[in-house]
Amino acid sequence: MKGFKIMKVGITVVGLCFLSTYLMILFVAPTVRDNQVYVAASIDKESRLEEIHNNRLVFVGGSNLALGINSEKMASSTGRAVINMGLHAGLGLSFPLNEALFGLKKGDVVVLSIEYFLSETNFKLAAQLIDVNPEALDFFSLSPSNGDLIRLYIQSVQRCISALFYRLISGEKSDPIYNRYGFSKEGDLTSHFGKPGSEKIGDNTVFTNKDYSSEISKINDFIVSANKKGAIVFFTYPSFSKSAYMKNIEVISKLSSQYNAQLKCPILGNAQTFVLSDRYFFDTTYHLDSLGIQKRTGVMISILPSHLRR
Amino acid sequence: MLFNSLHFVFFFIVITTTYYLIPYRYRWLLLLIGSCYFYMAFVPVYIIILGFTIIVDYFSGLYIEKSSGKTRKLYLVTSIVANLSVLFIFKYYNFLNISFDTLLGNIGLTSNLPFLTILLPIGLSFHTFQAMSYTIEVYRNKQKAERHFGIYALYVMFYPQLVAGPIERPQNVLHQFYEKHSYKADNVAKGLKLMAWGMFKKVVIADRLAVIVNNVYDTPTNFKGMPLIVATILFAFQIYCDFSGYSDIAIGSAHTLGFRLMKNFESPYFSTSPSEFWKRWHISLSTWFRDYLYIPLGGNRVGTSRLYFNLLVTFFISGLWHGANWTYIIWGTLNGLYIILEIMSKTLRNSIKYKLGLNEFSGINRMMSITITFSLICVAWIFFRAKNLSDGYYILTHLFTNFAGSFQYLKPSYLGSTLYDYTVSLFALIVLFFVETVQRSTSINGVVKSWPLLYRVSLYYILVMIILLFGVFNVQEQFIYFQF
């Protein structure tokens, strides 16, 4: 009898928890939803990928691209319509690859610029993205057996609570720089131009040596699928601050060797090609300011067209 | 398999339900298979190492019991050497190799010893120590050698305490595998409550504090003053909530099956002296070292200098047990030195208290002792958490640098956190403090049990909701003590 009672209590508690969290998502989430949030830019980037039909140059990666290239300049020097899909490394490796692959067309030129050791998805960020762009759920490689869906569900509930908290204490909405409307139509973030960045860049980034083979094989799968669709893929290194590079030089060179040995596409330049002085960075070791963006774009323009002619 | 994973939730439900449904005579087999599965979820091949330890110690136990005199001792030594060899190869070989190489490098020589590229089996130090306690107790005639191989294997592998303790003694656990645990709702309810409390400590407090602590301790040279102090204090709470949370889940999950495991923590930060702290912190390890190292060395029934030596050796080895790194050795030795200083300064401290009249104000006296002890323990934690000695030294020497000016760097953004995380952490720590304070005088479980059903259901609902709403689930954090 007592065993039955414990089961009843357990089921009641679990049922109540499920019900209240579900109600929270149903009723609280829409009231705290912020359609201007940074990751909502994925909607615009996906639309552009769908709307432009030919002669495209598609950049795929994380925020090193969002705050890393001048698409207009790239377009004029390559004669191609540029679509900068770069958004946020926290979305993991699978998301940008799957998102881009879905929209790729015959004749596309794809440039992959993946942050160092990019791998796992931050579920908090994924929940924020899915809240504003529910279709994006399909682009995450979630494993139900690992409890990914449950974790995403919990993050969605937690997002409601934290958003409510900020609403209550400050009424604050989107970040003044990192928001959806800070992007150009090509997908470059420009809202940080002329704004003061961080005083110190690069000291916090410390990589630990890790075998990146399984992630490289994911990238290779993308390359093969893109090729099947009739697209050409190039790989390039992200922009990276000099001080952080010097701190991680050994680990990065080991990763580069892995890329050289295993990647199934041409590599534009090497890790050092996109290492720039700290003064060109805005707030992290990957995010360039306007001058840095001009510099990186210049380097990219000096390499990419010659590869395209081959 | 991590206790804070969905995988474990399913595993736990299946094992616990099946345990009570199947006939008593098959239960040991279920637990053994379950424990093997639990362990193999990490790195399957390492079950071979565990199997080796189990076989050696099982037969050692039998032979120790049968033999006498020097042969008896020889079997014990064989068992201990076999256990320590495994520990040495997997945990200490590379460390000693590097240290030896550095030493030779100072005189212009190099050693050509190869480095082993092997992964440390999870929880190796825990199950090795548990296995060693068995043969030692058999040798001391305090435990009969176990005849049933499966039961002995289960003693070493019992999944709740397999990878991070509590490090049990055979006298406490072995006989429990023969007990007929009939289903008792109270056991299950008490176990589940303990597990929920452990989860709260782990995912709501420890994993949230980890963000700030990691941010500072990964690159300590970026900080000076207050951020270093705050990160160190937060680490003290992080490691406590991480490890005691793990212990609560372990003890609770064993309790749901009817097993009683030893207590591992008893509000350690309320200790009024370092020696009291070590009676309340990681109790199963402290008592292991007390029984199998400190007392055999002579314990405290020796002269003063020998006593100090015994303490230093015990804490030095305790530090080394935690990890093959000088930082752990410094941490252990520092804690040993604290206790020596405590003994040496006893008369002086008493006379100061007497002169200041503090003896008449026991509350203030106690608060001061708790604060001083906590501060000393935090200083030692610096070396435990620091990646290397130079980071540890930097932190220690910059705790008060630019002290007044460093307050501005406590802003959440500087420490890789958010205002929301700060607020949740603060409230969670208040809850922890409240519960631990109440628990010192009353059994919370007893109080809750006397409540009407509706109140109890509401409390469980609130606890589970707090875990769901405020727990950190976006990245799965390992338990800190798994690495040992």
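Any value given below was found using the heavy atoms of this structure, including those in side chains, with hydrogens, waters and symmetry copies removed. Lettering follows sequence order; numbering is per chain, from 1.
You'll find the side chain of Leu6(B) stays beyond 4.5 Å of the side chain of Arg151(A), heavy atoms only. Counting heavy atoms from C-beta outward, Leu468(B) and Val157(A) have side chains that stay 4.5 Å or more apart. For the pair Thr21(A) and Met465(B), the minimum side-chain heavy-atom distance is below 4.5 Å.
Across Phe473(B) and Ile154(A), no two heavy atoms sit closer than the pair CD1-CG2, 3.6 Å.
Both the backbone and the side chain of Leu419(B) come within contact range of chain A, with heavy atoms under 4.5 Å apart. Both the backbone and the side chain of Thr418(B) come within less than 4.5 Å of a heavy atom in chain A. Both the backbone and the side chain of Phe470(B) come within less than 4.5 Å of a heavy atom in chain A. With a 4.5 angstrom heavy-atom cutoff, Leu16(A) touches chain B via backbone and side-chain atoms both.
Surrounding CD of Gln408(B) are more than 12 heavy atoms belonging to other residues, nucleotides or ligands, all under 6.0 Å away. Around NZ of Lys218(A), the count of heavy atoms belonging to other residues, nucleotides or ligands within 6.0 Å exceeds 12. Residue Lys224(B) qualifies as open at atom NZ: its count of foreign heavy atoms under 6.0 Å is 12 or below. Atom CZ of Phe10(B) is surrounded by 12 or fewer heavy atoms from other residues, nucleotides or ligands within 6.0 Å. Dense packing is recorded around CZ of Phe193(A), with more than 12 heavy atoms of other residues, nucleotides or ligands lying under 6.0 Å away. The 12-atom threshold is not exceeded at OH of Tyr37(B), counting heavy atoms of other residues, nucleotides or ligands nearer than 6.0 Å.
For Ser390(B), the side chain to side chain donor-acceptor pair (under 3.5 Å) partners are Asn388(B), not counting sequence neighbours.
For residues 446-470 of chain B, the salt bridge (Lys or Arg N to Asp or Glu O under 4.0 Å) pairs, not counting sequence neighbours, are Asp186(B)-Lys449(B).
Distance alone, capped at 3.5 Å, places no donor-acceptor pair between the Gln158(A) side chain and the Val472(B) backbone. Between the side chain of Tyr461(B) and the main chain of Thr12(A), no donor-acceptor pair closer than 3.5 Å is present.
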message: For Ile161(A) and Tyr420(B): C-alpha separation, side-chain torsions, deciding distance, then whether side chain to side chain contact (heavy atoms under 4.5 Å, CB included) applies.
response: CA-CA 10 Å; Ile161(A) 302 288; Tyr420(B) 178 71; 3.3 Å; yes

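Partner of Cys17(A) under the side-chain contact (heavy atoms from CB on, under 4.5 Å) criterion, chosen from Ile462(B), Val464(B), Leu469(B): Val464(B).
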